[in-house]
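One structure below.
Remember, predicted model here, so these are calculated numbers, not experimental data. Numbers here simply count residues along the sequence, with the first being 1. Order of appearance sets the numbers: ligands from 1, and atoms from 1 within every ligand.
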Amino acid sequence: MKKYNFNAGPSVLPRKAIDETIKAIDDFGGLSIMEISHRSKEFQAVVDETVALFRELMNVPEGYAILFLGGGASLQFCMAPYNLLERKAAYLNTGTWANKALKEAKLFGKVVEVASSKDANYTYIPKNYIIPADADYFHVTTNNTIFGTEIHNDIDSPVTVVSDMSSDIFSRPIDVSKYGLIYGGVQKNLGPAGVTFVVVREDILGKVSRKIPSMLDYRTHIRENSLFNTPPVVPIYTVLQTLKWMKSVGGIPEIQKRNREKAALLYAEIDRNRLFKGTAAVEDRSLMNICFVMNDEYKNFEAEFLQFAVARGMEGIKGHRSVGGFRASTYNALPKEAVIALIDAMKEFEKSH
Ligand SMILES: *Cc1c(COP(=O)(O)O)cnc(C)c1O
């Protein structure tokens with residue numbers, strides 16, 4: 001049976017990126033890419049090309065370093081404050097991941113939560129909050145993977161913006177110059193699990209008074225071009241193949257167009273279909289993680305619909321336990337036909353209920 005991959009992460013990858021990785025695992029200049037030295041000139045070239053293509057596609061200005069590290073976005077929750085928090089930091093609380101980031105920052109200094117949507121189970125993005133001008137930085141989670149909300153515009157801030165973009169990186173154009181630090185795990189939109197991307201403006205570093213262990217100091221990794229220690233070689237190679245695929249289809253503008261189209265189709269069906277309703281505030285709806293539940297009078301059919309959809313090849317559409325219902329993750333590499341298959345399943349289910 002054909003499977004449609006709606007997993008929230010790790011998640012769908014372009015088939016071409018998988019095939020190219022298989023080839024390199026089989027034969028990368030006579031050896032497998034799994035058994036070459038990370039210090040070989042062949043792998044240096046992979047890192048250089050990945051950085052260059054990342055920079056080109058995302059339009060990263062001069063003065064910013066691009067790093068590929070281990071530890072996941074979760075390590076960045078502590079690494080960012082370790083490197084940047086001296087007096088106080090400001091955080092926007094938009095969900096589970098934002099909370100985890102905030103919790104780690106508290107280990108390093110004073111943290112203010114400028115606004116929160118906890119009062120409504122994070123179904124919206126707080127607006128009209130004030131960012132303290134004396135904060136060292138302001139942290140946001142641009143896409144809330146679990147609750148299906150997204151900040152659709154770059155933020156104007158009086159202080160450095162630090163952003164967790166794990167689940168919407170490369171999904172739309174961003175103005176990198178408005179951010180000091182952008183980070184995320186690659187396993188949603190860029191590659192397989194195992195590598196973390198970091199885009200950092202170099203002039204924000206070196207300003208805290210604490211001692212920083214080498215591995216946790218961004219400057220170490222900048223100096224060593226992400227090769228201070230052994231990086232995740234194979235995942236980085238797959239990231240390169242994913243970036244090449246993105247470029248081949250037309251880069252971020254085309255990806256954004258596709259994402260908008262997929263999300264518009266699915267939200268339209270959620271709004272039309274009498275069985276379902278969306279959970280996120282309409283203006284804050286994520287284009288990456290589409291959360292929906294059954295209308296109250298049909299709640300009893302949730303398990304049945306899940307089974308019905310799984311039998312038609314829908315993979316990973318069960319909602320996160322903190323929201324319930326369903327979540328269809330429509331990341332960059334998810335083909336439109338997957339969304340159409342899900343919509344067809346929703347329509348068919350409606351007819352019989
Ligand atoms: C998945 C996710 C994380 C966690 O990433 P890890 O690489 O597993 O640490 C953090 N933030 C957001 C927004 C995520 O979607």
If we count only N and O atoms by modelled type, under 3.5 Å, do the side chains of [X] and [Y] hold a donor and an acceptor together?
X: Asn289; Y: Tyr331; result: yes
X: Ser286; Y: Thr149; result: no
X: Asn99; Y: Tyr122; result: yes

Could you list who else is in Phe228's hydrophobic cluster, with ILVMFWY side chains joined at under 4.5 Å, directly or through other members?
Met215
Going by heavy-atom distance to atom 8 (O) of ligand 1, choose the closest among Met288, Met165, Lys100, Gln187.
Gln187
Looking only at protein heavy atoms, which one is nearest to [atom], and how far off is it?
atom: atom 15 (O) of ligand 1; result: Thr145 OG1, 2.4 Å
atom: atom 9 (O) of ligand 1; result: Ser74 OG, 2.6 Å
atom: atom 11 (N) of ligand 1; result: Asp164 OD2, 2.6 Å
atom: atom 2 (C) of ligand 1; result: Lys188 NZ, 2.5 Å
atom: atom 5 (O) of ligand 1; result: Ala73 CB, 3.5 Å

Which of the atoms of ligand 1 are close to [X], meaning less than 4.0 Å from one of its heavy atoms?
X: Gly72; value: 7 (O), 9 (O)
X: Phe77; value: 10 (C)
X: Asn143; value: 13 (C)
X: Thr141; value: 13 (C)
X: Ser167; value: 15 (O)

Flag this pair as yes if the NZ/CZ of Lys103 is under 6.0 angstrom from the six-membered ring centre of Trp97 and inside a 45 degree cone about the axis; otherwise no.
no
Distance to the ring centre below 6.0 angstrom and angle to the axis at most 45 degrees; does that hold for Arg312 and Phe308?
yes
Check ion pair Arg219-Glu202 (N to O, under 4.0 angstrom)
no
Do NZ/NE/NH1/NH2 and the carboxylate oxygens of Asp134 and Lys88 come within less than 4.0 Å?
yes
Tell me whether ligand 1 is touched by Thr142 - counting only heavy atoms on the residue side and a distance under 4.0 Å.
no
